[in-house]
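A short worksheet on the structure shown next.
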Protein chains: 2
Amino acid sequence: MTDRPSFKARQFQAREDAILDAANRLLGEKGYDLMSLDDIAAEVGIAKGSVYKHFPSKEALAAATMTRLLNRTVEEARGLPTAAPAIDRLRALLGWCLRERMAGGVPRLPSTSPGLQSSLLDHLGYLDAMEALDTMLTAWVDEARADGALRDDLPVAVVLFTIYARSCDPTLEFLRAAGEWSDDEIVAFMVDTCFAGIGKAPAPAAGSTGVEASGAVAQLG
Amino acid sequence: MTDRPSFKARQFQAREDAILDAANRLLGEKGYDLMSLDDIAAEVGIAKGSVYKHFPSKEALAAATMTRLLNRTVEEARGLPTAAPAIDRLRALLGWCLRERMAGGVPRLPSTSPGLQSSLLDHLGYLDAMEALDTMLTAWVDEARADGALRDDLPVAVVLFTIYARSCDPTLEFLRAAGEWSDDEIVAFMVDTCFAGIGKAPAPAAGSTGVEASGAVAQLG
DNA sequence: GTCTATACTGAGATAGAC
DNA sequence: GTCTATCTCAGTATAGAC
């Protein structure tokens, strides 16, 4: 049962990973419909036809790419210290997503491509990962609320989607293009404005709820 | 000089508006590269070839559509009561953008389609409108800051892009799909969380800076 | 200026040799 | 399984009749 895979099998797997890496990068750079299989094949250095030995269609390839990414996010979330307050874990995870985007180019939201979206719903692994992430984050939000670190006058969905949207927010590219701030500063700005907003809070009491010093906490992970 | 246009000329203009309307809706629904000229022609009820009598290319059509939309936004901004505090005008404009999206489907950010982006930069009218909007909103942000209604520890660009990004934020569609809130509630949530954030502000002093009662103000326009 | 018909291109997917 | 070559089709853009 636990035979170690043959050389050819490992080579095959390595190539599949390379395809996923390329797809991940190109999805982030060009988006789903502008990314062609020629691009992928060229970047990996294989023939276009060979891609179909790994994935039956472009949509399936994209779905597998998104699934891998989502699973990594779940993994990252699971790895965060459970001792830390939930609010800090939420911040840290958002910061991690943003730094991932800066590093490799991360696919945008499924909603940008209606065709892809339906394909994702067929992909069981994607749905599983999505549900796992959703369950975990919902629990974190509840916990952060109970700690008094999150507003309790907003529906949980509003809070979750707001964080989710910020992780894909083009503000990142715009600020980067401006060239006036470091990557770490940009991440701090984005995490901070997501949680604290851009409006000035009236006279914060010193050291009360942990909303202060928000930028630094994004580095927690 | 001020001859009123002939019947044929007005008919031509009306058709051009119809083309722009269709392009506006379809860009919002499918995005640039999934929108075909067949779709446009079908929706307007004319032949595909006829579109080229109005616009020399698909990119030019898209650029004209985006320009019209941007000009309308500038117009809306100019029409807001100058007597109102700058922070309320910012809120109102964001609310207007979100309600426009709900009504007609508004094209997403240019950044979603690299090919289109370069075309926009060639389109002089687009750049003019963009600069006009940017100038006006920068002034508003400065004003709102001076009023103490916006954080002054953030760069202006961070504030502006955060608002801009929220106007295109897919959270709108997600909340709508959930079907639990009215359109007005969703707009209020999104404007409110943009300015006030999702974190709970520590012990707000009553009636101090106008950050409270945030949702309702979005209806100001 | 609007229509129908068509040329041309890029890209997803498949077939067949090795 | 991987390659080269090819099929197919959608979609942009153009030509030519009226």
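Every chain is numbered from 1 and lettered A, B, ... according to where its sequence line falls, protein lines coming before strand lines.
The residue among A:Asp39 and A:Gly49 whose nearest nucleotide of DNA chain C is located toward the 5' end is A:Asp39.
Between B:Ser50 atom OG and B:Leu37 atom CG the span is 11.5 Å, to the nearest 0.5 Å. Distance check: A:Arg15 CZ to A:Gln11 CD gives 6.0 Å after rounding to the nearest 0.5 Å. The CG atom of B:Leu124 sits 9.5 Å away from the OG1 atom of B:Thr67 when rounded to the nearest 0.5 Å.
Regarding B:Glu16, its CD atom lies at a distance of 15 Å from the C1' atom of C:dT2, rounded to whole Å. When rounded to the nearest whole Å, the span between CE of A:Met35 and C1' of C:dG10 equals 15 Å. The nearest whole Å value for the distance from the CG atom in B:Leu61 to the P atom in D:dA13 is 10 Å. Rounded to an integer number of Å, the gap from A:Leu37 CG to C:dA13 P is 7 Å. Across the protein-nucleic acid pair, B:Asp33 atom CG and C:dG10 atom P stand 16 Å apart, rounded to whole Å. When rounded to the nearest whole Å, the span between CD1 of A:Ile40 and P of C:dA11 equals 12 Å. Across the protein-nucleic acid pair, B:Phe55 atom CZ and D:dT12 atom C1' stand 16 Å apart, rounded to whole Å. The nearest whole Å value for the distance from the NZ atom in B:Lys58 to the P atom in D:dG11 is 9 Å.
For A:Arg15, whose side chain is taken as the heavy atoms from C-beta onward, the closest listed nucleotide among D:dT12, C:dA13, D:dT2 is D:dT2. Residue B:Ala47 places its side chain closer to C:dT4 than to any other of C:dA13, C:dT2, C:dT4. The side chain of B:Ile46 sits closest to C:dC3 out of C:dC3, D:dT12, C:dG12. Comparing atom distances between the A:Phe12 side chain and each of D:dT2, C:dA13, D:dA13 picks out D:dT2 as nearest. Distances were taken from every side-chain heavy atom of B:Ser50 (C-beta onward) to each of C:dC3, C:dT14, D:dT12; the shortest belongs to C:dC3. Of the listed nucleotides (C:dG12, D:dT12, D:dC3), D:dT12 has the atom at the smallest distance from the side chain of B:Asp38. Out of D:dT12, C:dA13, D:dG1, the shortest distance to the side chain of A:Lys53 is found at D:dG1. The side chain of A:Tyr52 lies closest to C:dG12, out of D:dC3, D:dT12, C:dG12.
With hydrogens and angles ignored, a donor-acceptor pair under 3.5 angstrom links the side chain of A:Lys48 to the base of C:dG12.
Judged purely by atom type and a 3.5 angstrom limit, B:Arg166 uses its side chain to pair as donor or acceptor with the backbone of B:Met190. A donor-acceptor pair is defined here as one N or O able to donate and one able to accept, closer than 3.5 Å; such a pair exists between the side chain of B:Asp39 and the backbone of B:Ser36.
Look at B:His54 and you won't find any side-chain N or O under 4.0 angstrom from OP1 or OP2 of C:dG1.
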